[in-house]
Amino acid sequence: HNNTTPAHMRSFLSSVFALAFLFTLMASALASVVQVPKPEDFHAILQQHLNDPCLFVYVIGARDQEGNSWCGDTQRADPLVKTIIHTMPECTIIEAPVQRAEYKHNSAYPYRVDPHLQIVGVPTLIHWTKDGPGQRLTLGEIEAEPLKTLRASVQRK
């Protein structure tokens, strides 16, 4: 058995697929995507969207002009996250790219030290609630229980 996808990535991808399925139950319109040009702009952009009915923050490895990220995990997660994005009406996705040279090995990177974000790796997808960051999908950190909880809350609505 030769599987080239690391276990942590398989777990992340299966979790993203599960979330995509849950959100397709909710609707079938497009979400809007808002780009954060640089980390200093993040909170101002977030403030503009806090009252949106559905809000996600997606921290990724920055993409080049062809749309390819320097981060292999972002490249593999992007199509799955886009599946989620394209099935969520009235949702806003705040996409916060990080530049490799500024991010790699920099424990003081703004998204790492931000008390609400506390990013430990890219990509990270965070469901933002009225109370701040809610469920997050991060490589190697997702577990089955939060998905069961989310599935139950979606089915109740």
Side-chain angles (χ1 to χ4, degrees), residues 1-24 29-50 52 54-129 132-147 150:
H1 183 264
N2 184 11
N3 192 335
T4 59
T5 305
H8 72 279
M9 191 64 198
R10 287 193 305 272
S11 173
F12 176 74
L13 296 178
S14 66
S15 298
V16 171
F17 275 126
L19 280 177
F21 172 75
L22 293 174
F23 290 122
T24 56
L30 295 177
S32 63
V33 178
V34 178
Q35 296 288 325
V36 177
K38 54 189 184 289
E40 305 84 69
D41 300 328
F42 174 77
H43 284 286
I45 291 171
L46 178 66
Q47 287 296 320
Q48 294 170 9
H49 295 280
L50 284 177
D52 291 7
C54 174
L55 181 61
F56 283 85
V57 172
Y58 184 37
V59 183
I60 58 168
R63 297 185 190 98
D64 60 21
Q65 293 166 335
E66 288 81 39
N68 299 314
S69 173
W70 58 264
C71 172
D73 290 341
T74 294
Q75 288 181 38
R76 296 203 306 263
D78 262 357
L80 303 171
V81 172
K82 285 180 182 176
T83 298
I84 294 171
I85 290 169
H86 289 296
T87 60
M88 296 170 45
E90 300 177 11
C91 284
T92 302
I93 313 300
I94 296 177
E95 199 169 86
V98 298
Q99 298 298 326
R100 180 182 180 135
E102 299 166 9
Y103 174 79
K104 291 293 270 188
H105 309 293
N106 179 1
S107 60
Y109 189 81
Y111 295 155
R112 291 185 195 267
V113 298
D114 184 287
H116 297 293
L117 290 174
Q118 299 178 338
I119 298 301
V120 296
V122 293
T124 299
L125 179 66
I126 305 168
H127 178 224
W128 210 273
T129 69
Q135 183 179 4
R136 64 176 61 216
L137 292 175
T138 307
L139 292 176
E141 295 180 344
I142 194 68
E143 296 175 1
E145 287 306 310
L147 290 175
L150 181 58

Which atoms form the tightest heavy-atom contact between [X] and [Y], and what is the distance?
| X | Y | value |
| --- | --- | --- |
| I60 | P123 | CG2-CB, 4.4 Å |
| V120 | R112 | O-NH1, 4.0 Å |
| I126 | P133 | CG2-CB, 3.8 Å |
| Y111 | P39 | OH-CA, 3.4 Å |

I'd like to check [X] versus [Y] (side-chain heavy atoms, cut-off strictly below 4.5 Å). Are they in contact?
| X | Y | value |
| --- | --- | --- |
| T124 | L117 | no |
| K38 | E102 | no |
| I45 | P37 | yes |
| W70 | V122 | yes |

Gap separating the [atom1] atom of [X] from the [atom2] atom of [Y], nearest 0.5 angstrom:
| X | Y | atom1 | atom2 | value |
| --- | --- | --- | --- | --- |
| I119 | R136 | CD1 | CZ | 5.0 Å |
| I94 | Q48 | CD1 | CD | 8.5 Å |
| H43 | D114 | NE2 | CG | 3.5 Å |

Exercise. Should the pair Y109 and Y103 be assigned to parallel (<30°), tilted (30 to 60°) or perpendicular (>60°) ring geometry?
Worked result: perpendicular
Exercise. W128 and D52: side chain to side chain contact (heavy atoms under 4.5 Å, CB included), yes or no, with the steps?
Worked result: CA-CA 10 Å; W128 210 273; D52 291 7; over 6 Å; no
Problem set entry | For V34, the option from L46, T92, I93, L55 that meets side-chain contact (heavy atoms from CB on, under 4.5 Å) | T92
For this session: Look at the side chain of Q75 and the backbone N and O of S69, then say whether any donor-acceptor pair between them is shorter than 3.5 Å.
Result: yes
